[in-house]
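What you see is a predicted model; the values in this text were computed from it and never measured. Chain letters run A, B, ... following the sequence lines, proteins first and then strands; every chain starts at 1. Both backbone and side-chain heavy atoms feed into the values below; hydrogens, waters and symmetry mates do not.
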Amino acid sequence: MKFRVERDALADAVAWTAKSLPSRPSVPVLAGVMLRVTDGVLQVSGFDYEVSSQVSVEVQGDSDGAALVSGRLLAEITKALPAKPVDIAAVGPHLELVCGSARFTLPTMPVEDYPSLPDMPASAGTVDASVFAAAVSQVAIAAGRDETLPMMTGVRLELNGSSLAMLATDRYRLAMREIEWSPEDPDISINALVPAKTLNDTAKTLGPLGGQVTLALAHGGAGEGMIGFAGGTRRTTSRLLDGANYPPVRSLFPATHNAQARVSVSALQEVTRRVALVAERTTPILLSFSEDGLVVEAGGTEEARASEAMDATFTGEALTIGFNPQYLLDGLNGLGAPTAVLSFVDAFKPAVLSPANDDGEIITGYRYLIMPIRVTR
Amino acid sequence: MGRSQAVGRGGDPRFGADADDTGCPMLHVDMDAFYPSVEIRRRPALRGQPVIVGGLGNRGVVSSASYEARAFGVRSAMPMTRARALCPHAVYLSPDFEAYTAASRAVMQILRDTTPLVEPLSLDEAFLDVSGARRLLGRPAEIAAQIRARVAGELGLTCTVGVAPTKFLAKLGSTRGKPDGLMVIPAAQVLDFLHPLPVAALWGVGERSAESLQRIGLRTVGDLAQAPISLLRTAVGEAAAAHLHELSWGRDPRGVQPEHVDKSIGAEVTFDTDLGDPGEIRKTILALSGKVAARLRAAGHAGRTISIKIRRADFQTLNRSRTLGSPTDVAREIFDTAWALYAAMPHTGPLRLVGVRVEGLVDGATAARQPELGAPQHGWREAETVIDAVAARFGGAVIRPASLLGGGDQARTENPT
């Protein structure tokens with residue numbers, strides 16, 4: 001194997017693939033990235049049995065072949081290289097890398113020990129890359145991080161015709177985003193539970209590339225339990241989580257509301273961040289809504305206290321409700337709109353955050369549900 | 001109790017009741033063979049006989065033994081089977097915690113009559129700081145004598161009191177003065193007293209540390225005091241080295257903490273025969289969760305971290321814990337978490353012991369609770385509060401989870417926690 005490649009293209013490709021490598025691999029070869037050159041195309045791949053990632057880079061190939069080297073080391077080296085063409089060649093058990101006056105010799109691992117990457121499942125349809133990336137970032141934030149509750153660590157994709165819904169919850173808040181996509185089969189109806197971290201990393205990579213993202217999802221048969229994403233020259237596959245018993249979370253959204261408030265997203269973010277400084281990790285911030293506006297408070301009788309009043313338009317009976325400040329901030333950050341509409345049933349039932357335009361008109365497609373903290377005072 | 005072997009009985013007149021107690025404001029009051037003494041008090045026929053209190057099942061351990069039984073080598077925490085081999089003719093009794101708690105309350109009341117600065121360590125021992133009681137009640141040794149007289153006269157029980165400049169030394173004094181004794185460790189003679197003792201007499205030196213210290217040639221507290229700290233560090237680690245060095249020079253800055261603050265509340269059981277049936281293990285965890293939750297609510301606490309402990313038949317012990325989003329005192333939530341933690345443990349064979357514990361305690365009344373989405377406004381917590389009220393009125397097990405109803409319960413011993 002011998003080829004010449006642009007420094008930036010190589011560094012990007014290696015950095016992305018190496019990011020998903022396991023930090024403590026079960027077998028040493030999984031700490032490697034595979035470099036394979038065929039007909040002037042370099043494929044850089046990484047795999048940890050859960051997630052595979054692969055990126056193609058055009059190169060000047062002198063001879064085809066493959067080599068497996070430590071992903072982390074190669075990522076660090078390529079990041080530090082000068083902006084000059086990089087010459088890479090497999091020489092016996094080593095990889096020679098020359099860039100300008102810098103020369104590296106890296107040990108390689110046996111290519112034949114490396115597991116073969118799973119095939120991409122068949123394409124189920126395509127979605128605009130930037131829309132997809134924005135939607136994922138709005139939803140993945142609500143997924144759980146507790147590995148002992150695996151179902152909560154996933155984002156549920158519901159593909160129904162041309163509607164693509166994403167849902168995630170950690171049992172305390174729930175985010176839901178509905179976007180349009182172009183399915184191969186207009187009558188498609190599939191659900192899939194994708195690990196939130198993988199989905200988020202993937203969306204962050206594919207979004208800026210623009211164009212379309214292909215969603216590849218096996219519908220029975222080969223590749224079942226697997227999802228693939230492809231955009232530009234990059235593709236990722238991930239094992240799906242078992243979502244067969246995913247709770248019917250859509251029904252948690254209250255059908256009606258008794259009170260509604262409209263506030264500026266940036267103002268509420270700012271006030272919440274400031275007031276929450278005195279809230280301990282498990283103590284709530286209190287939002288008191290009335291015709292006069294909104295007062296945000298935190299702290300106890302014996303600890304530090306903070307309060308701040310701000311503008312809000314409110315309809316309904318005056319109400320004080322407590323939230324985990326981080327959950328509220330996550331929801332506000334996800335709105336992506338100038339105004340937040342908060343809809344309440346009462347102080348004990350889940351509240352809904354919806355984005356709205358400057359005139360306070362709700363923008364449909366995204367909702368964030370948050371369970372209040374019960375406050376004793 | 002456990003230190004008596006390391007410290008031994010002293011008869012040295014330098015440390016008697018008449019020794020100079022100037023600068024000795026700390027008292028350690030330790031009841032003598034408390035559980036057996038309470039039993040003997042209500043059954044005087046037992047006086048003079050070896051009496052052993054503890055779990056009587058075949059996996060029980062000795063909680064406490066009378067001095068007559070100790071003469072046969074019976075010690076607390078010893079397996080009951082061994083006690084029976086050493087002292088077959090002793091009177092064996094199951095613990096009656098209600099009686100001990102009542103007796104303990106009476107003892108603590110006498111101590112609080114002396115000074116509000118009382119720090120109970122357990123049912124049968126407490127520290128007192130009498131530096132403020134001097135004018136009212138006399139010198140520390142006189143106060144100690146008054147306490148001993150009142151406990152004997154009003155309660156028919158004996159205790160031993162250590163009087164010393166620091167808590168640690170007061171405790172050593174009471175250990176050394178046992179039983180029915182009074183020992184003063186004068187400020188001027190602290191090092192004379194301390195340095196000949198074996199290292200195991202120091203607080204924080206267990207069997208393991210004692211071994212590591214002896215391996216580097218440190219047998220007595222005096223050896224340890226003279227040793228460079230760097231040497232101690234290699235044997236017992238950084239934190240313990242500094243702590244032991246201070247103690248070895250009689251320095252112990254801790255004051256008496258009148259409010260005993262719980263750090264965690266837990267319950268565990270040892271099975272009389274190893275338990276393999278997952279259904280039974282589940283029931284046990286359910287029962288323990290209920291017990292812990294009731295104790296939390298009774299004490300007005302709630303905690304965020306749920307931990308579970310199992311001990312396998314081969315004595316391998318595993319602990320797992322998970323921290324919740326907000327504190328709980330609800331049996332249902334404790335159980336759900338404890339069961340999930342248990343289910344995620346590697347399973348190999350039957351269990352000898354199971355324990356459930358809640359840590360990171362906060363005030364239960366003001367604790368903010370983050371319920372799950374869709375949780376009803378009146379949920380398990382409200383139901384369990386009602387159960388508490390019913391139990392308070394009609395006794396312990398009137399309302400229980402359905403799976404805990406009925407007889408045929410596994411024989412088990414609840415461990416003291």
Chain B contact via [X] - which portion, at a heavy-atom distance below 4.5 Å:
X	value
A/Pro254	neither
A/Phe348	side chain
A/Leu252	side chain
A/Ser251	neither
A/Phe323	neither
A/Asp170	neither

Pairs involving residues 240-255 of chain A, ordered by first then second residue, that meet salt bridge (Lys or Arg N to Asp or Glu O under 4.0 Å) (sequence neighbours left out)
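Found A/Glu158-A/Arg250, A/Glu178-A/Arg250.
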Rounded distance (nearest 0.5 Å) linking atom CD of B/Gln370 with atom CD1 of A/Ile373:
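Output value for this atom pair is 4.5 Å.
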Atom pair OH/CG of A/Tyr172 and B/Leu324 - distance to nearest 0.5 Å:
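A/Tyr172 OH to B/Leu324 CG: 6.0 Å, rounded to 0.5 Å.
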Give the minimum heavy-atom separation between A/Met371 and B/Pro371, together with the two atoms involved.
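Smallest heavy-atom distance, with atoms named: CG-O, 3.2 Å.
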Closest non-hydrogen atom pair between A/Leu174 and B/Leu373, with its separation
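Taking every non-hydrogen atom into account, CB-CD1, 3.7 Å.
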Any residue meeting side chain to side chain donor-acceptor pair (under 3.5 Å) with A/Glu270, in chain and number order, not counting sequence neighbours
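Expected list: none.
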B/Gln109 atom CD: more than 12 heavy-atom contacts under 6.0 Å
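Yes, enclosed.
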